[in-house]
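Naming convention: chains lettered A, B, ... in sequence-line order (proteins, then strands); numbering from 1 in each chain.
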Amino acid sequence: MELFKSSTNFDFMAWRVPSLIISAILCVASLGIVFIHGLDYGLDFEGGALVEVKYKESAEIADIRASLEGAGFKNAVVQALGTTTEYAIRIKPHDGEGAAPAPAADAGKAAQSKEGEAAAKESEAAASESVAKAATDKIAKEVLAALQKNRADVSIKRSEFVGASVGEELRSQGLVAVLFVILGIMVYLWIRFEWRFAVAAVASEIHDTLITVGIFALTGREFDLPALAAVLSVVGYSINDKVVVFDRVREIFRASRKDVPYDVLNRSINSTMSRTIMTGLTTGLAVGTLYFVGGPALENFGLIMLIGIAVGTLSSVFFANPILLYLGVSKQDLMAMTKEDPELARRP
Amino acid sequence: MNEFPRWKYVLVVVALILGVLYALPNIYPKEPAVQVSPGRGVVIDTALKEKTQGLLETQKIAFKSIEIEGERLLIRLSSGEQQTLAADALRDGLGDKYTVALNLASTVPHWLNVIYAKSMPLGLDLQGGVHFLMEVDQKAVLEAKEIQYVEEIRAIAKDKKIPGINASRSAQGGLSVITRSADNRDQLAAEIRRLLPELLVSNAAATGEAFALGVRISETKLREIATETIRQNVATLRSRISALGEPVITQQGTSRIVVELPGVQDTAQAKILLGATASLEWHAVDQSIDPNVAVSSGNIPPDSRIVLWRDTNAPVLIKKKIIVQGDDLVSAAAIPDQQSGTPAVSMKLNPKGGQRMLDFTIQSVGKPMAVLYTEHIPELKIVDGKEVRSSRVKEEVISVANIQGVFGPQFQTTGLGSMKEASQLAMLLSAGSLAAPMQIVEERVIGPSLGADNIGKGVWAVILAVILVVLFVGLYYKLFGLIADVGLLLNLVLLVAILSIFGATLTLPGIAGIVLTLGMAIDANVLICERIREELRNGSTPMAAISRGYDRAWATILDANVTHLIAAFGLMAFGSGAIKGFAITLAIGIVTSMFTSVMVTHVLVGLVFGNRRVKSLSV
């Protein structure tokens with residue numbers, strides 16, 4: 001059984017101009033979506049309201065979830081608090097309410113004089129605190145109303161604003177981590193291949209991540225911790241895919257006598273196509289199952305991976321290799337490296 | 001050409017056996033249980049066992065077993081709901097003399113415990129855990145800050161040559177500064193406004209020679225201090241307990257922190273894990289008078305005070321002035337002393353603390369220095385029928401050591417009895433490194449954050465995903481696909497075994513990560529099989545095709561996996577909490593998959609074909 005005929009020889013490189021233009025447009029569009037439309041960050045990142053409720057008689061957790069979903073709180077987290085009568089509900093404000101402190105901040109900016117600024121800062125801080133409190137109280141009321149529809153014996157024990165479980169230090173550390181990863185991959189590919197491969201790989205890495213996040217933002221789904229984990233996995237998948245094709249490029253360059261880069265790249269893509277499709281299918285099968293069957297807890301993870309696999313596979317062909325061609329990859333550059341450690345190429 | 005030295009076979013078999021053994025505990029689910037431990041003046045005996053059994057039977061709560069295990073009574077139940085019902089019933093029925101707590105009882109057979117095989121704890125999303133609400137003592141922070149401002153104002157006065165000022169914290173809060181003349185007062189006020197704009201300065205009553213200034217910290221600054229304190233405490237807690245599976249630590253309101261630890265349902269145990277909610281201070285020891293004499297005579301020098309030793313309760317006289325505080329401590333670790341080999345604790349301070357330590361030790365070589373450990377213990381009293389929360393402060397000296405030489409940020413303390421004592425001290429030291437003391441105001445057991453149906457769907461999806469991948473690969477690559485499947489399943493076993501040994505917490509996204517790792521691990525086999533097909537097309541004999549297929553695919557597999565591993569290490573080094581757990585799973589998965597997809601399958605292929613001369617390959 002073969003999914004891709006071994007004898008096929010598509011001229012993928014002929015598409016390089018339109019494909020790079022499309023890539024550029026998609027990148028800009030994704031940047032636009034992420035920065036203007038923005039990602040809908042979940043409770044993990046933004047925090048929200050914590051409402052503790054108490055029933056007189058014991059209540060079923062499934063009923064509480066159903067009541068809240070009925071009232072439009074889709075991603076509420078409900079947890080039993082040690083008994084069957086007390087529950088903690090964590091909820092994100094509805095859209096718009098989360099942005100409530102913004103006007104106060106504008107008022108602060110408007111104040112120009114130096115003394116006025118300090119005073120405005122104080123009132124701003126106080127205002128955003130009271131706004132957060134008001135928002136929390138409002139949510140608590142809505143939650144109570146939603147729950148009382150089904151059970152009258154429920155009351156609010158406490159409601160408070162809760163911060164993000166993903167700290168700011170993770171956000172700043174995350175950036176350092178991404179830079180470290182990019183640098184590490186670049187150095188490795190530089191040593192094992194050549195600088196053009198390193199640049200092409202990292203460029204497609206950024207390209208893939210950006211477009212994946214952009215498409216995900218379009219779905220309007222909430223970006224939570226599993227989603228972040230999925231984005232990071234896309235990075236891993238995509239680099240894997242690029243390296244396999246690059247490896248073949250290197251091999252063909254070294255083995256063949258004629259060295260027309262255009263043909264070599266085309267042959268590399270064609271001869272690894274069977275593997276590219278097969279690996280895409282097995283991984284896609286796994287994460288697709290998570291998306292379609294896995295329920296709300298795994299949907300985001302599965303969806304982002306599905307998008308990422310599609311984007312990563314296409315970009316190996318239509319983005320990474322055209323870039324390699326434009327950077328001027330040639331037989332001479334790779335031959336200079338053949339005196340490398342033969343141990344590395346040995347089998348295990 | 002497809003034969004291997006014997007050690008390769010042995011390695012594969014050993015890996016298989018160890019993998020199965022250490023992955024095995026995970027198939028024994030933990031049982032919900034209720035634990036009854038005795039309070040003061042009561043014991044756990046068969047009478048209690050019968051009473052408990054009676055209580056449960058009258059309430060019609062079904063249980064699996066009631067057993068006395070050491071100092072406690074353990075009731076195993078069939079579901080989490082039964083567990084809470086039983087706990088509620090027993091709390092009412094047994095009274096205050098017994099502590100009734102929810103717990104999870106292991107069902108792993110004894111022989112697995114002997115080889116330290118243990119199951120992975122389940123995360124907050126799958127099983128819930130313990131929830132602690134902690135209150136940060138903002139008052140203590142404010143006091144420390146005010147003392148610091150007093151020092152700064154004194155320094156300003158000295159710098160500007162304003163004579164004879166008297167600055168102190170006033171009892172009603174804020175600072176009070178007394179100068180000798182109106183001119184001095186105005187000059188000092190102007191300097192404070194210029195240099196410390198976060199302070200609000202106003203003229204207070206002037207009497208005769210004393211011209212007073214009232215100094216307050218501005219509201220903005222107060223809020224900033226409070227925010228900064230809580231942020232620091234959250235960050236410290238995150239780094240301190242991220243080793244404990246995947247805890248969730250969030251700020252709640254303006255002065256509270258919520259800590260949720262997965263799995264552990266026994267709150268007493270969780271509190272030990274959480275570490276003391278304490279702070280640390282380094283003080284000079286006052287040697288001017290024998291502490292026992294000072295206690296008995298009541299003759300304590302004004303700038304010193306008496307504190308007690310942790311274990312012996314012997315008095316120690318320490319200077320009131322603090323040299324360095326807990327939040328200046330960067331790390332503490334138990335190590336053997338490099339010269340003598342005796343147990344020691346090595347400590348590292350931040351630059352600020354290091355400078356102060358240097359200044360102090362220059363003057364005090366050969367003199368003793370004490371480490372004071374302050375813990376806030378919450379107390380609940382019933383006053384007029386109302387619950388009143390208060391806290392008791394417990395101060396203990398945990399270490400006194402002579403200063404051997406001048407040192408700065410890096411130093412160590414020796415003379416500890418045993419390595420165990422050293423590691424205990426190191427633990428106490430790192431537990432105390434908070435910016436502000438905290439106290440636990442509430443603790444409870446929480447249920448899973450995901451609903452039972454969502455957990456069910458997730459687990460089903462994961463199983464289905466593995467089955468589909470196995471079927472697809474088996475069908476597509478036939479015999480070689482089946483061999484790849486064997487490698488894949490062994491990879492799953494090894495991955496689970498290693499994660500169990502590390503004690504990683506299993507969350508639903510974590511399980512998704514495992515599935516993803518498996519899906520991608522197949523890539524190596526795809527590369528090998530495609531290469532073998534290529535070699536066959538190019539006219540190689542079957543055995544040569546296998547050999548060259550593995551050979552040539554290896555370079556690609558290595559490059560692809562090393563770059564992937566770099567990505568995983570990056571996330572591991574800089575990420576925290578859930579992301580770190582995910583990265584660890586990824587990294588372990590990459591390494592095990594290189595072993596199973598390449599070596600194990602190659603050995604299997606060698607076993608299947610041996611040196612037979614086959615005409616065609618089923619690939």
Side-chain angles (χ1 to χ4, degrees), chain A residues 1 6 50 61-62 65 77 79-84 88 121-122 125 160-163 165 167 169-170 173 176-177 180-181 184-185 188 192 225-226 228-229 232-233 235-237 239-240 243-244 247 274-275 278-279 282-283 285-287 289-290 293-298 301 305 345 347-348, chain B residues 84-85 88 128 219-220 223 234-235 238 248 250-253 444-447 449-451 454 457-458 460-461 464-465 468-469 472-473 476 508-509 512-513 515-516 519-520 522-523 526-527 530 537 550-551 554-556 559-560 562-564 566-567 570-571 574-576 578-579 582 598-599:
Chain A
M1 184 162 58
S6 51
L50 171 84
I61 196 161
R65 287 206 174 94
V77 177
Q79 280 170 291
L81 285 172
T83 67
T84 50
K121 247 191 195 165
E122 293 213 356
E160 252 180 304
F161 177 79
V162 285
S165 65
E169 71 266 19
L170 182 65
Q173 278 174 353
V176 178
F180 177 87
V181 167
I185 290 174
Y188 181 79
R192 283 284 283 163
L225 263 185
L228 178 63
L232 299 172
S233 309
V235 176
Y237 183 87
I239 195 73
N240 208 57
V243 168
V244 169
D247 211 77
S274 184
R275 173 264 157 205
M278 188 59 194
T279 299
T282 54
T283 319
L285 202 58
V287 295
T289 317
L290 298 186
V293 190
L298 292 178
F301 186 90
M305 276 308 296
R347 66 182 153 128
Chain B
T84 33
L85 284 174
D88 286 351
E219 287 294 315
T220 323
R223 207 173 287 119
V234 168
R238 281 214 175 109
V248 171
T250 48
Q251 180 182 346
Q252 182 176 321
R444 37 197 356 179
V445 172
I446 45 164
S449 60
L450 286 175
N454 288 343
K457 273 185 199 162
W460 163 233
L464 189 65
L468 285 177
V469 170
F472 182 54
V473 173
Y476 190 75
L508 204 48
V515 172
L516 177 69
M520 286 185 65
I522 278 292
D523 183 49
V526 172
L527 280 164
E530 291 295 334
R537 275 197 296 271
Y550 269 94
D551 231 19
W554 171 242
T556 318
D559 279 336
V562 169
T563 38
H564 203 174
I566 291 173
L571 301 176
F574 296 99
S576 65
I579 297 301
F582 189 81
V598 184
M599 189 142 142

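Taking 4.5 Å as the limit, every side-chain heavy atom of B:Thr556 sits out of range of all side-chain heavy atoms of A:Val243. Contact of the B:Tyr476 side chain with the A:Thr282 side chain is not registered, since no non-hydrogen atoms from C-beta on lie closer than 4.5 Å.
Here the closest non-hydrogen pair linking B:Ala461 and A:Thr289 is O-CG2, 3.5 Å. Across all their heavy atoms, B:Lys457 and A:Pro296 have their closest contact at NZ-CD, 4.4 Å.
Proximity to chain A (any heavy atom under 4.5 Å) is shown, for B:Leu450, by both the backbone and the side chain. If you measure heavy-atom distances from A:Leu50 to chain B, the contacts under 4.5 Å come from the side chain alone. Using a 4.5 Å cut-off between heavy atoms, A:Arg65 contacts chain B through its side chain alone, with no backbone atom that close. Within the 4.5 angstrom heavy-atom criterion, no atom of A:Ala62 approaches chain B. For a residue to count as touching a neighbouring chain, one of its non-hydrogen atoms must lie under 4.5 Å from one of that chain's; by this rule A:Leu298 touches chain B with the side chain only. Looking at A:Val244, the atoms closer than 4.5 Å to chain B (heavy atoms on both sides) sit in the backbone and in the side chain alike.
The salt bridge (charged side-chain N to carboxylate O under 4.0 Å, His left out) check on B:Asp559 picks up A:Arg192, A:Arg250, with sequence neighbours excluded.
Among the candidates B:Gly458, B:Ser449, B:Gly519, the residue making the largest number of heavy-atom pairs closer than 4.5 Å to chain A is B:Ser449. Between chain B and the residues A:Gly236, A:Ser233, A:Gly184, the largest count of heavy-atom pairs under 4.5 Å involves A:Gly236.
Between the side chain of A:Gln79 and the backbone N or O of B:Gly447, at least one donor-acceptor pair lies under 3.5 Å.
Among the candidates B:Val515, B:Leu516, B:Asp523, B:Ile522, the single residue satisfying the side-chain contact (heavy atoms from CB on, under 4.5 Å) test with A:Thr283 is B:Leu516.
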